[in-house]
Amino acid sequence: SLKRLQTDWIDLLQIHWPYPETPIEDTLRGLDDVVRAGKVRQIACSNFAAWQLVEGQLIARQYGLPQFVSTQEEYSIVERRAEKELMP
């Protein structure tokens, strides 16, 4: 993929959905591999519940893994979950 993009790294790699079957620690360790290899500079997530985001950050700190630097959530006049869960 990096060759097709004609680049050596990605500035921000975003995980779009949490994988219920995969522990967040496993996901973060995989992301750590690409960060350490210099292929990705920062990681982010979207569509995570507040508790999933907090769990990811705590595990990342505990094991010295990369932490999510941003989150992108669906937010509109109809979809207000982020207001209730993440913004407080």
Side-chain angles (χ1 to χ4, degrees):
S1 295
L2 293 176
K3 287 180 185 176
R4 283 186 306 203
L5 293 171
Q6 299 177 353
T7 188
D8 294 328
W9 68 83
I10 296 171
D11 289 323
L12 183 69
L13 179 63
Q14 189 162 3
I15 303 297
H16 289 287
W17 293 99
Y19 302 101
E21 308 83 28
T22 306
I24 190 66
E25 182 181 346
D26 292 349
T27 300
L28 291 170
R29 288 191 184 280
L31 293 168
D32 183 50
D33 290 344
V34 294
V35 169
R36 287 182 187 270
K39 302 297 180 185
V40 171
R41 293 193 174 170
Q42 301 285 333
I43 63 168
C45 65
S46 63
N47 304 306
F48 277 45
W51 70 266
Q52 292 169 313
L53 181 59
V54 170
E55 178 185 37
Q57 296 299 76
L58 290 173
I59 288 173
R61 287 183 189 146
Q62 181 179 358
Y63 295 107
L65 300 169
Q67 295 182 39
F68 297 123
V69 298
S70 70
T71 183
Q72 179 182 358
E73 302 303 321
E74 181 180 6
Y75 185 64
S76 69
I77 192 82
V78 175
E79 178 54 56
R80 309 301 276 202
R81 182 180 62 94
E83 223 171 54
K84 296 174 190 160
E85 282 198 26
L86 295 171
M87 291 180 187

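Nothing fancy with the numbering, it's 1 onward along the sequence.
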Nearest-0.5 Å distance, [atom1] of residue [X] to [atom2] of residue [Y]:
| X | Y | atom1 | atom2 | answer |
| --- | --- | --- | --- | --- |
| I15 | I24 | CD1 | CD1 | 8.0 Å |
| K39 | L31 | NZ | CG | 15.5 Å |
| K3 | L5 | NZ | CG | 12.5 Å |
| D26 | E21 | CG | CD | 12.0 Å |
| E55 | L28 | CD | CG | 9.0 Å |

Kindly write out the residues that satisfy side chain to side chain contact (heavy atoms under 4.5 Å, CB included) with [X], not counting sequence neighbours, or none if the list is empty.
| X | value |
| --- | --- |
| Q14 | H16, A44, S46, Q72 |
| V69 | L12, Q42 |
| D8 | none |

Taking every non-hydrogen atom, the tightest pair across [X] and [Y]:
| X | Y | result |
| --- | --- | --- |
| V35 | P66 | CG2-CG, 4.0 Å |
| G64 | R36 | O-NH2, 4.2 Å |
| V40 | I43 | CG1-CG2, 4.3 Å |

Taking ILVMFWY side chains as joined if any heavy atoms are under 4.5 angstrom apart, and letting links pass through other members, which residues group with I77?
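So far as hydrophobic clustering goes, I77 is joined with V78.
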
Kindly say whether A49 contributes a backbone atom to a donor-acceptor pair with the side chain of Q52 at under 3.5 angstrom?
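Yes; judged by distance alone, with no hydrogens or angles, the pair exists.
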
Can you run down the ring pair (Phe, Tyr, Trp, His ring centres under 6.0 Å) pairs that involve residues 31-69, sequence neighbours left out, and say none if there aren't any?
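Ring pair (Phe, Tyr, Trp, His ring centres under 6.0 Å) check on residues 31-69 returns F48-F68.
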
Cluster link W17 to L13, ILVMFWY, side chain under 4.5 Å
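No; tracing contacts between hydrophobic side chains, which count when under 4.5 Å, never links both residues.
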
Could you tell me which residues satisfy side chain to side chain donor-acceptor pair (under 3.5 Å) with E85, sequence neighbours excluded, listed by chain and number?
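Here no residue qualifies.
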
Do L53 and C45 come within less than 4.5 Å of each other through their side chains, counting heavy atoms only?
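Counting from C-beta outward, L53 and C45 do come under 4.5 Å.
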
E74 and its side-chain contact (heavy atoms from CB on, under 4.5 Å) partner, picked from E79, R80, R81:
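For E74, the side-chain contact (heavy atoms from CB on, under 4.5 Å) test succeeds with only one of E79, R80, R81, which is E79.
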
Decide yes or no on side-chain contact (heavy atoms from CB on, under 4.5 Å) for I10 and V34, but give the supporting numbers first.
CA-CA 10 Å; I10 296 171; V34 294; over 6 Å; no

